[in-house]
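To start, the structure under review is shown below, and the notes come after it.
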Amino acid sequence: MPRPGTAAVEALFGPGRIGQVVTGNRFVRAGTSEGMVDHRNLANADLARLLGQLAGLGVGLIITGHMFVDRRGQYDDDQTAIDTDEAVGPLTAVVAAVHRHGGKIFAQLSHAGSQSVAVGNRPIAPSAVPNVMTGREVPAATSAEIEAVVEAFGAAAGRAVAAGFDGVHLHGANGYLISQFCSPLTNRREDRWGGSPERRDRVVIEVTRRVRAELPPTHALTIKLGLIDIMEGGLGFDESIPRARLVCAAGADALEVSLNVMSSYADNIVPYVAVTTRRAVADLLPQRLLRPPAAEAYYRPIARALRPTVQVPLVLGGGIRSVATMADLITSGDADFVALARPFIREPGLVRRIEHGLRGTVDCTSCNLCIMHSGHHPLQCWRMPRSQLARHAFFRITGGFRGGIGSGLKPTTPNTKS
C-alpha cells in the first residue's frame, strides 16, 4: 500500500466517540493479559505504571486485559480479578494512572468457561463438549449456574464503575464462555439457553442488558464479539450478524470484531504479520523464512461484512502493522478505531512515533514470544532489548512452558475433566 498522505494520517488523530465517551484519537490499546497481579489476583502497581505510560504516550483508549468476573471463570493463575469488592481499590489506582494523562480506559470483563487453564479450577460450559484448545471436558452448566454468570458480569460492571473506569468491554470472542454459548459446536443445549440461533443469542443478550443496567449514561459499553468459528460447521455470518444487531439493541455502544471458537490461539494472534525477508533477517527470525509473511488486518473482511448492518462504531484489530493500513481503515469507513496489542508491547511510544512522522510499519514482528510467556511472566517484549532473547531461551530450555499456559496447549493438570 502506498505511503499515506497527511490528511489520511490526520484522520487517525481526530477525536472518536463511543456512546458518551470521547477519545483524543482513534488508537485503541487492545486487551491482552498482563499478569501484573499479587497473590490474590488483585491489580498491582506494575499494571498502573504500564497503562498509565501508554496513556501518557498518546493512546486514546486503553482496554485492560480480560479480568475474570467469577473464580470459576478464571482463565489462568495470574489473571486480574474483578470478582469481589476487594478488587476495586487496586483498580482505582490503575484508572487514576490513565486519567492523570487524559486517557480513557475500559474494563474488559470475561469468563473463560471450559477454556480455563487455572490450576484447581472447576469451570462451567454450555455443554459437555471437550474444549478444542485445552482438551478439557466440563459438565454442562445448570440454568441456575448460567443465571449466576449473568449476575456476576453485572456485579463486575458495578465494580468497574466504582473504580472509575470510563466504560466496560465484554469479552464475547476467542473461545471463552460467551462465545461458547454463541456457537452451535459448543452449545448443544435444548433448553432456553440453546438449541436454535435465537436461544444461542440469549446469554450474550442477557449479559449485555445486565451490564448496561449497571452503567450510568456517561459510561460506554462495548463488546468483543466473535462472528465466525474457525471450524467447519460452526458459527457463520447468517447467525452472527443478526446477533450483532441484537447486541447493539441491548445496549452495546461499539463492537470489536473477532473470531468466535478457535482451534488455536494462533488463529487469533497470527505470527509474522507483514514481516518481509529483510525484516526477518534483521530481527533474528529465521523461522519466518520457512513460511510466507502473514497478511495485515486479517479481520477486515469481517468488519466489511458487518459494517452495513450496524450503526455503532467498529473497533478493528488483528495484525494491523503499517501506518498506511491504519489510515486506510479509518478513511475508508471500514472501522472507526484501530486496535493494537502486540505493537504496544514492543513500542509503548508508537502513537508518538506516528505523530512525529513514522509512515512505514511498526517494529513488532508478531513473533508471539510475549504470548508464549503469558501465565509465566508479566507482559513484556521478549525480543527487545536483545538480552531478552537469551532470557527467553534459558526459560524455554529449562522446560518452563510444559504447563501449556500461554501457548494454547493442553494443561498438564492431573485430571482434565471437571
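Side chains included, hydrogens not; waters and symmetry mates left out as well; all remaining heavy atoms used.
Note that CG of Leu61 is 8.5 Å distant from CD1 of Ile105, once rounded to the nearest 0.5 Å. One distance of note links CD of Gln108 with CD1 of Ile82; it measures 11.0 Å at 0.5 Å rounding. Rounded to the nearest 0.5 angstrom, Phe68 CZ and Leu109 CG are separated by 12.0 Å. Residue Leu225 holds its CG atom at 10.5 Å from CG of Asn174, rounded to the nearest 0.5 Å. To the nearest 0.5 angstrom, Asp166 atom CG is 11.5 Å from Leu215 atom CG. Residue Phe337 holds its CZ atom at 12.5 Å from CG of Leu316, rounded to the nearest 0.5 Å.
The closest side-chain donor-acceptor pair between Arg199 and Asn187, if any, does not fall under 3.5 angstrom. With no hydrogens or angles considered, a side-chain donor-acceptor pair links Asn268 and Tyr299 at under 3.5 Å. Thr84 and Arg40 form no side-chain donor-acceptor contact under 3.5 Å, judged by distance and modelled atom types alone. Defined by atom type and a distance below 3.5 Å, a donor-acceptor pair is present between the side-chain atoms of Ser366 and Arg321.
The neighbour count for Arg278 CZ, taken as heavy atoms of other residues, nucleotides or ligands under 6.0 Å away, does not exceed 12.
Of the possible polar contacts, none joining the Tyr176 side chain to the Ser110 backbone as a donor-acceptor pair under 3.5 Å is found. In this structure, the side chain of Arg307 does not engage the main chain of Gln311 through any donor-acceptor pair within 3.5 Å. Between the side chain of Ser183 and the backbone N or O of Leu185 there is at least one donor-acceptor pair closer than 3.5 Å. Judged by distance alone, the side chain of Glu145 and the main-chain N or O of Ile124 form no donor-acceptor pair under 3.5 Å. Put simply, the side chain of Arg359 gets close to the backbone of Ile354: a donor and an acceptor are under 3.5 Å apart. With hydrogens and angles ignored, the 3.5 Å screen pairs no side-chain donor or acceptor of Asn25 with any backbone N or O of Leu12. The closest donor-acceptor contact from the side chain of Asn368 to the backbone of Ile269 lies under 3.5 Å. Side-chain N or O atoms of Arg189 include one that pairs as donor or acceptor with a backbone N or O of Ala141 at under 3.5 Å. Between the side chain of Arg202 and the main chain of Arg192, a donor-acceptor pair closer than 3.5 Å is present. A donor-acceptor pair under 3.5 Å is absent between the side-chain atoms of Asp76 and the main chain of Val117, judged by distance alone.
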**OP:** May I have the step-by-step check of side-chain contact (heavy atoms from CB on, under 4.5 Å) for Leu47 and Thr64, ending in yes or no?
**Re:** CA-CA 9 Å; Leu47 183 59; Thr64 68; over 6 Å; no

Original post:
Would Arg245 and Val310 count as a side-chain contact (heavy atoms from CB on, under 4.5 Å) if you check the C-alpha gap in whole Å, the side-chain angles of each, and the deciding distance to 0.1 Å?
Top reply: CA-CA 6 Å; Arg245 290 198 295 265; Val310 297; 4.0 Å; yes

**OP:** For the pair Ile302 and Phe237, evaluate side-chain contact (heavy atoms from CB on, under 4.5 Å) and give the outcome as yes or no after the intermediate values.
**Re:** CA-CA 9 Å; Ile302 300 178; Phe237 287 139; 4.1 Å; yes

Subject >> side-chain contact (heavy atoms from CB on, under 4.5 Å) between Val88 and Leu91, worked out >> reply: CA-CA 5 Å; Val88 173; Leu91 289 172; 5.9 Å; no

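At least one side-chain heavy atom of Pro126 sits less than 4.5 Å from a side-chain heavy atom of Leu177. In this structure, Leu50 and Leu379 have side chains that are in contact, with non-hydrogen atoms separated by less than 4.5 Å. A heavy-atom distance below 4.5 Å is not found between the side chains of Gln53 and Phe344. No side-chain heavy atom of Val161 sits less than 4.5 Å from a side-chain heavy atom of Glu214. Using a 4.5 Å cut-off on side-chain heavy atoms (C-beta onward), Pro184 and Asp229 make contact. In this structure, Val351 and Phe13 have side chains that are in contact, with non-hydrogen atoms separated by less than 4.5 Å. Using a 4.5 Å cut-off on side-chain heavy atoms (C-beta onward), Leu235 and Arg200 make no contact. Between Tyr272 and Gln287, the closest side-chain pair of non-hydrogen atoms falls below 4.5 Å.
Residues Leu42 and Ala87 share a closest heavy-atom pair of CD2-CA, 3.7 Å. Scanning all heavy atoms of the two residues, the minimum distance from Leu246 to Asp201 falls at CD1-OD2, 3.4 Å. Closest non-hydrogen pair, Ser240 versus Gly226, comes out as CB-O, 4.5 Å. Pairing each heavy atom of Asn121 with each of Ser116, the nearest pair is ND2-OG, 2.9 Å. Contact record, Arg304 with Asp334: NE-OD2, 2.8 Å, taken as the closest heavy-atom pair. Across every non-hydrogen atom of Arg346 and Arg383, the tightest pair is NH1-CD, 3.8 Å.
Under 4.0 Å is where a charged nitrogen must lie from a carboxylate oxygen, and between Arg243 and Glu239 at least one such pair does. Using a 4.0 Å cut-off between charged nitrogen and carboxylate oxygen, Arg288 and Asp283 do not count as a salt-bridge pair. Between Arg29 and Glu34, at least one side-chain nitrogen of the basic residue sits less than 4.0 Å from a carboxylate oxygen of the acidic one, meeting the salt-bridge criterion.
No option in Arg352, Arg353, Arg342 other than Arg353 meets the salt bridge (Lys or Arg N to Asp or Glu O under 4.0 Å) test with Glu347. Between Asp83 and the options Arg71, His111, Arg72, a side-chain hydrogen bond (donor to acceptor under 3.5 Å, both in side chains) holds for only Arg71.
Partners of His219 under the ring-ring contact (aromatic ring centres under 6.0 Å, His included) rule, at least two apart in sequence or in another chain, do not exist in this structure. Every ring-ring contact (aromatic ring centres under 6.0 Å, His included) that Trp382 has, sequence neighbours left out, goes to His373, His377. In this view, Arg49 and Asp46 satisfy the salt bridge (charged side-chain N to carboxylate O under 4.0 Å, His left out) rule, not counting sequence neighbours.
Between His66 and Tyr75, the ring planes lie tilted relative to each other; the angle falls in the 30° to 60° range.
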